[in-house]
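Here the structure is a predicted model, which is why all the values come from computation and not from measurement.
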Number of protein chains: 2
Amino acid sequence: MTAPTGHALPTAELFKDAFRAHPAGIAVLTAQGPEGPVGLTASSVSSVSAEPPVLAFSVSTASSSAAALVQADTLVVHLLGADQLGIARLFAARGADRFGGAVDWHPLPSGEPLLTDAPWALRCRILHRLPVGGSMILAAEVLSIEQGTDDNIAPLVYHNRSYHRLDERSLLG
Amino acid sequence: MTAPTGHALPTAELFKDAFRAHPAGIAVLTAQGPEGPVGLTASSVSSVSAEPPVLAFSVSTASSSAAALVQADTLVVHLLGADQLGIARLFAARGADRFGGAVDWHPLPSGEPLLTDAPWALRCRILHRLPVGGSMILAAEVLSIEQGTDDNIAPLVYHNRSYHRLDERSLLG
């Protein structure tokens, strides 16, 4: 910002431009809704506290999947790697049949859908729901963690409406 | 997760391992505290809503910088690119002299420190503070946005305690 452009009004477009420049990891959130399993792709999951283990995320509550998810008592947060790009895209696509067979999953004994290819799956109980405009910020306590068997997870990043894979070449010195 | 390891107890170490595998964009948060400017590097900033423009983040409140930041009325969220790796490291280093001259900054008319090399700077008012363990989740409304003049920002990503740069080579098809 060598020549500041001055304080602009925070238009929705400028705000979106700013966050298109802000990379994010990718997660798929699933829950057992009143009408069956629901799930969606989220780029807002972050760690809040390790002791107690708590994470946070936000979702727009416009979709029926999101509305069911934020009302659930418990959910599963799947942290995805680059090998799960297809899962990320399926759960981000509007109107897709997400549990119809395109992705391997099974219900946990407690009912939530577990995506069996996810490298990390964190079963959580929602602690707090904070409505903001048409979105909801949620904090969730982690009840249990399942780790996949693949020790060599290629990290998946969402940026400017595209997906990237981190590796040795992207590493900064 | 072809051979599930079963539900493990959510130990702090396993939780940290999971989030080490979850990439994140990098921001520096600054505010004018009661004893001068404060700032810290955060990997938890995400967009919540574009209309109204609201973002969220969380910080551990153990440090004096974080304690001053979460008590501020307004703050500036700087979204960083790979060219600002030095700034990210400076504001993440314990005990560093962050406003002593190593980084270009000036106070905004409203008092908060603006880091002049940041590609995006969002001045925000804190709307909600949600304490969770030794951390705080915050939601903040964006009051104004300054965009730097560099149109070619190389995205900066934090992953597994290292920094990465996204470019054409990291792009997935």
query: Given the options B:Ser47, B:Ser43, B:Ser162, B:Ala24, which has more heavy-atom pairs under 4.5 Å with chain A than any of the others?
result: B:Ser47
query: Quick one: CD1 on A:Ile145 to CG on B:Leu14, what's the gap to the nearest 0.5 Å?
result: 4.0 Å
message: Quick check on the hydrophobic clustering: are B:Val142 and A:Phe19 connected, directly or via other members, by side-chain heavy-atom contacts under 4.5 Å?
response: yes
- line: Closest non-hydrogen contact found for B:Tyr163 with A:Leu171 is O-CD1, 3.6 Å
- line: Counting heavy-atom pairs under 4.5 Å with chain B, the top scorer among A:Ala18, A:Pro155, A:Ala21 is A:Ala18
field: Value rounded to 0.5 Å, distance of CG in A:Asp17 from CG in B:Leu79
entry: 11.5 Å
field: Top contributor to chain A interface from B:Asp167, B:Ile153, B:Leu172 [non-hydrogen pairs under 4.5 Å]
entry: B:Leu172
field: B:Phe15 to A:Pro53 - nearest heavy-atom pair and separation
entry: CD1-CB, 3.6 Å
query: Between B:Arg165, B:His164, B:His159, which is the residue that forms a side chain to side chain donor-acceptor pair (under 3.5 Å) with A:Ser170?
result: B:His164
- prompt: Applying the 4.5 Å side-chain criterion to the ILVMFWY set and letting contacts propagate, would B:Val157 and A:Tyr158 be lumped into a single cluster?
  reply: no
query: Which of residues 54-68 of chain A get closer than 4.5 angstrom to chain B, counting heavy atoms alone?
result: A:Val54, A:Leu55, A:Ala56, A:Ser58
query: How would you list, in number order, the residues of residues 125-141 of chain B that have a heavy atom less than 4.5 Å from chain A?
result: B:His128, B:Leu130, B:Val132, B:Gly133, B:Ser135, B:Ile137, B:Ala139
Which of A:Leu80, A:Ile26, A:Val48 touches chain B most, by non-hydrogen pairs under 4.5 Å: A:Val48
task: Might you point out which heavy atoms bring B:Gly25 and A:His22 nearest each other, and give the distance in Å?
output: C-CE1, 3.5 Å
- prompt: Taking A:Asn160, A:Leu85, A:Leu156 one by one, which has the highest count of heavy-atom pairs under 4.5 Å against chain B?
  reply: A:Leu156
